[in-house]
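We count ligands from 1, going down the list as the structure has it; atoms in each ligand are counted the same way. Both backbone and side-chain heavy atoms feed into the values below; hydrogens, waters and symmetry mates do not. Index from 1, following the sequence.
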Amino acid sequence: MDTMDTDFFVAWLEEAARLVHRDRDRLTELDAAIGDADHGTNLDRGFAEVTKALAEWPPASPVQVLTSAGATLIRRVGGASGPLYGSVFRQMAKTLRAPVTLAGFTAAFEEGVVAVERLGKAALGDKTMVDALAPAARALALAVRDGVGVREAFAQAARAAEEGAKATIPMQARKGRASYLGERSIGHEDPGAASSALLMAALATAAT
Ligand code: ADP
Ligand code: MG
């Protein structure tokens with residue numbers, strides 16, 4: 001697989017929806033510890049709508065998949081994470097050019113992560129989804145530089161996101177609801193970082 005077509009992007013989001021649904025309770029429990037216990041239900045509802053919309057209005061291009069997903073997430077996921085995830089996909093849609101190569105995907109994904117950082121005013125180490133998304137973007141950029149194939153690149157990005165999510169456990173939250181807890185936010189994995197790791201795991205699966 002050298003380029004990614006519309007079906008690939010649909011498969012990515014369908015797998016993301018499946019993983020978010022499977023892990024809904026875990027994500028909500030993580031949010032119960034340092035937030036308001038709605039992250040799993042929010043995202044599950046949002047991604048179920050994403051797959052429904054993609055089935056009802058079949059997209060004709062990767063850009064249409066991402067535009068549809070971004071709009072649905074912004075509309076249907078409440079809280080902080082809806083607009084943030086929505087902006088990842090919408091910014092990717094703005095940046096992406098056909099045919100989608102690994103380099104093109106990576107450039108768009110990097111722009112998507114920058115959009116989250118800008119909207120959330122969050123940086124690496126603030127204990128947010130950025131702590132999973134930014135390492136994934138970096139892993140992709142290194143894979144492009146080293147000429148790694150698509151499958152291996154996405155597998156590396158998924159591992160980087162998972163490690164990034166686990167690395168939020170000892171952090172003190174500086175953004176979002178969890179920051180209100182101050183030092184009491186230490187010792188818990190950030191729910192948004194955990195769900196971002198699922199998005200990247202879905203990407204790796206879609207490429208296999
Ligand atoms: P809410 O906090 O409004 O209930 P969710 O529970 O759906 O929204 O999502 C919480 C997650 O959103 C956090 O775990 C964190 O990863 C992410 N988040 C919250 N605020 C920010 C921010 N300012 N920048 C980046 N990510 C954020
Ligand atoms: Mg919440």
Do NZ/NE/NH1/NH2 and the carboxylate oxygens of Lys166 and Glu189 come within less than 4.0 Å?
yes

Any salt bridge between Glu152 and Arg159, counting N to O under 4.0 Å?
yes

Polar contact flag for [X] and ligand 1 (N/O pairs, less than 3.5 Å):
X: Asp36; value: yes
X: Lys127; value: no
X: Gly78; value: no
X: Val130; value: no

Determine whether the side chain, the backbone, both or neither of [X] has a heavy atom under 4.0 Å from any heavy atom of ligand 1.
X: Leu84; value: side chain
X: Asn42; value: side chain
X: Arg177; value: side chain
X: Leu119; value: neither

How far apart are the C-alpha atoms of Ser195 and Tyr85, what are their side-chain angles, what is the distance that settles it, and do they pass the side chain to side chain donor-acceptor pair (under 3.5 Å) test?
CA-CA 10 Å; Ser195 58; Tyr85 276 131; 2.7 Å; yes

Sidechain-backbone polar pair: Asp126 side chain, Lys175 backbone, donor-acceptor under 3.5 Å
no

Does ligand 1 have an atom that lies less than 4.0 angstrom from a heavy atom of Pro191?
yes

With the Mg ion (ligand 2) as the reference point, give the N/O/S atom of Asp38 that is nearest.
OD1

Need the atom name: nearest N/O/S atom of Asp31 to the Mg ion (ligand 2).
OD2

Could you tell me if the ring centre of Phe154 sits under 6.0 Å from that of Trp12?
no

